[in-house]
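Taking it in order: structure first as C-alpha cells, then the write-up.
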Amino acid sequence: MTLEIYKSLKINKERVSFLKPLNHVAIILDGNGRWAKQKSKPRTFGHKKGFEKIFDTVIFAKEQGIKYITLFCFSTENWNRPKLEVGFLMDYCATIFNEKNKKKYKDNNIKFIWIGRRSTVPEKVKDALENLEKFTFDNDGIQLNIAFDYGSYEELEKVFQKLFKDLEENKLKVNDINFDLIYKNLYTKTVPPVDLLIRTGGEQRLSNFLLLQSAYAELYFTKTYWPDFQQKDFLEAIESYKNRDRRFGRIED
Ligand code: IPE
Ligand code: MG
C-alpha cells in the first residue's frame, strides 16, 4: 500500500517540493445534463458523450505521467434520479466497458479498477466492470479507478462493519485501529491519496466523493461541462496544481 504522503508528513526534514509529484488525479464528471440541455437534447445524450470521453482522458493522463486517475461516474445518491435516466446510465456503463472495448484498455496498458458498492448494480454492469478488472489485471501503465455506485458514507460504513467484526472475533484490538488500517479497508486500498481533485460543471462541492482520500488534495473547479472538457482544460488544471504550495500543515524551512 502506498501511503507515502502520510508517511512523509512525519519526515519534517524533507522539503515541501518532495511532495509535489502528481500521482493521483480524481475528477468529478459533472455537467452532462446541462451540456445536453443547452443543445436542446435529452440528458442521456450528455451522459453518452460523457462516458465516451473517458478513454481518451485516461490516455492523456497517462501521457502526462499520472499514475492513478479516479473518475466519479455514478454516486450512491444518483439512484434518486428518474428511473429512465438511471436505467440509461446502467445500460451505457455496461456498454462502454463491454467485451468489444476491453481490448483497447488492455492494449494501452491501463489497469482498470472498480471502486464502489457491488451489491446493488444490475448484473450486466457488475459483469462488465469485473471482467475488465480481470482482463487488465497485469497492466501497469496507469490505473483507472471507475467510481460507480460510490459514496464515501457507504464506503465508511463498510470499513466500520469490517473492523467491528474483526474486533468481535478477536482478530483485532482497539489500539490496532489507526488511519493506515482504515485506509487499507477503503475501496481505494490500492490507490495513494488524491493529489489533485478536479470538478467540472461549475459546482464547488465534493458530493460525497473520496472524502478521506482527498483530505490534502488540491481542489480545482471549472465551469466547463464534462463533455466539453478538453486536453487544454486538463493541462490548465495541472498547471494550477504545479503552482500550489502543498504544505501539509507544515511551514517552509
Ligand atoms: C454528471 O452529469 C453525470 C452523473 C452524475 C451521472 P449530471 O447528470 O450531474 O449533469 P448536470 O449536473 O445535471 O448538468
Ligand atoms: Mg450534476
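Reckoned from all heavy atoms, side chains included, excluding hydrogens, waters and symmetry mates. For this chain, numbers begin at 1 and follow the sequence in order. Each ligand, and each atom within it, is numbered from 1 in the order the structure gives.
Selection from D30, V86, L89 by nearest heavy atom to atom 9 (O) of ligand 1 gives D30.
Nearest to atom 10 (O) of ligand 1 among the protein's heavy atoms is G33 N, 2.9 Å. Closest protein heavy atom to atom 8 (O) of ligand 1: R81 NH1, 2.7 Å.
Heavy-atom neighbours of K103 NZ from other residues, nucleotides or ligands within 6.0 Å: at or below the threshold of 12.
The side-chain tip of K111 points at the ring of F137 from less than 6.0 angstrom away and within 45° of straight on. The cationic group of K104 lies under 6.0 Å from the six-membered ring centre of F55 and within 45° of the ring axis, placing it in a cation-pi geometry.
In R43, the part holding a heavy atom less than 4.0 Å from any atom of ligand 1 is the side chain. When non-hydrogen atoms are compared, ligand 1 lies under 4.0 Å from neither the backbone nor the side chain of Q38. When heavy-atom distances to ligand 1 are checked against a 4.0 Å cut-off, K37 has no atom that comes that close, whether in backbone or side chain. If you look at C73 next to ligand 1, the close heavy atoms, those under 4.0 Å, all belong to the backbone. Residue N78 touches ligand 1 through its side chain alone, judged by heavy-atom distances below 4.0 Å.
The pair D30-R199 meets the salt-bridge criterion, since a charged nitrogen lies less than 4.0 angstrom from a carboxylate oxygen. With salt bridges taken as basic N to acidic carboxylate O contacts below 4.0 Å, one links R118 and E133. Salt bridge annotation for E169-K165: present, with a cationic side-chain nitrogen under 4.0 angstrom from a carboxylate oxygen.
Within the sub-2.8 Å shell of the Mg ion (ligand 2), the protein contributes these N/O/S atoms: D30 OD1.
Taking the ring centroids of W79 and F74, they lie under the 6.0 Å cut-off.
In this structure, F135 and F112 have side chains that are not in contact, with every pair of non-hydrogen atoms separated by 4.5 Å or more.
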Notebook entry, point to check: Yes or no on side chain to side chain contact (heavy atoms under 4.5 Å, CB included) for Y150 and T76, after CA distance, side-chain angles and deciding distance?
Noted result: CA-CA 5 Å; Y150 173 85; T76 46; 5.8 Å; no
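Shown in contact with N32 at under 4.0 Å from a heavy atom are these atoms of ligand 1, numbered in order with element: 1 (C), 2 (O), 3 (C), 7 (P), 10 (O), 14 (O). If you number the atoms of ligand 1 from 1 as listed, the ones under 4.0 Å from a heavy atom of R34 come out as 11 (P), 12 (O), 14 (O).
A continuous path of Ile, Leu, Val, Met, Phe, Trp and Tyr side chains, each step under 4.5 Å between heavy atoms, connects Y220 with L235, placing both in one hydrophobic cluster.
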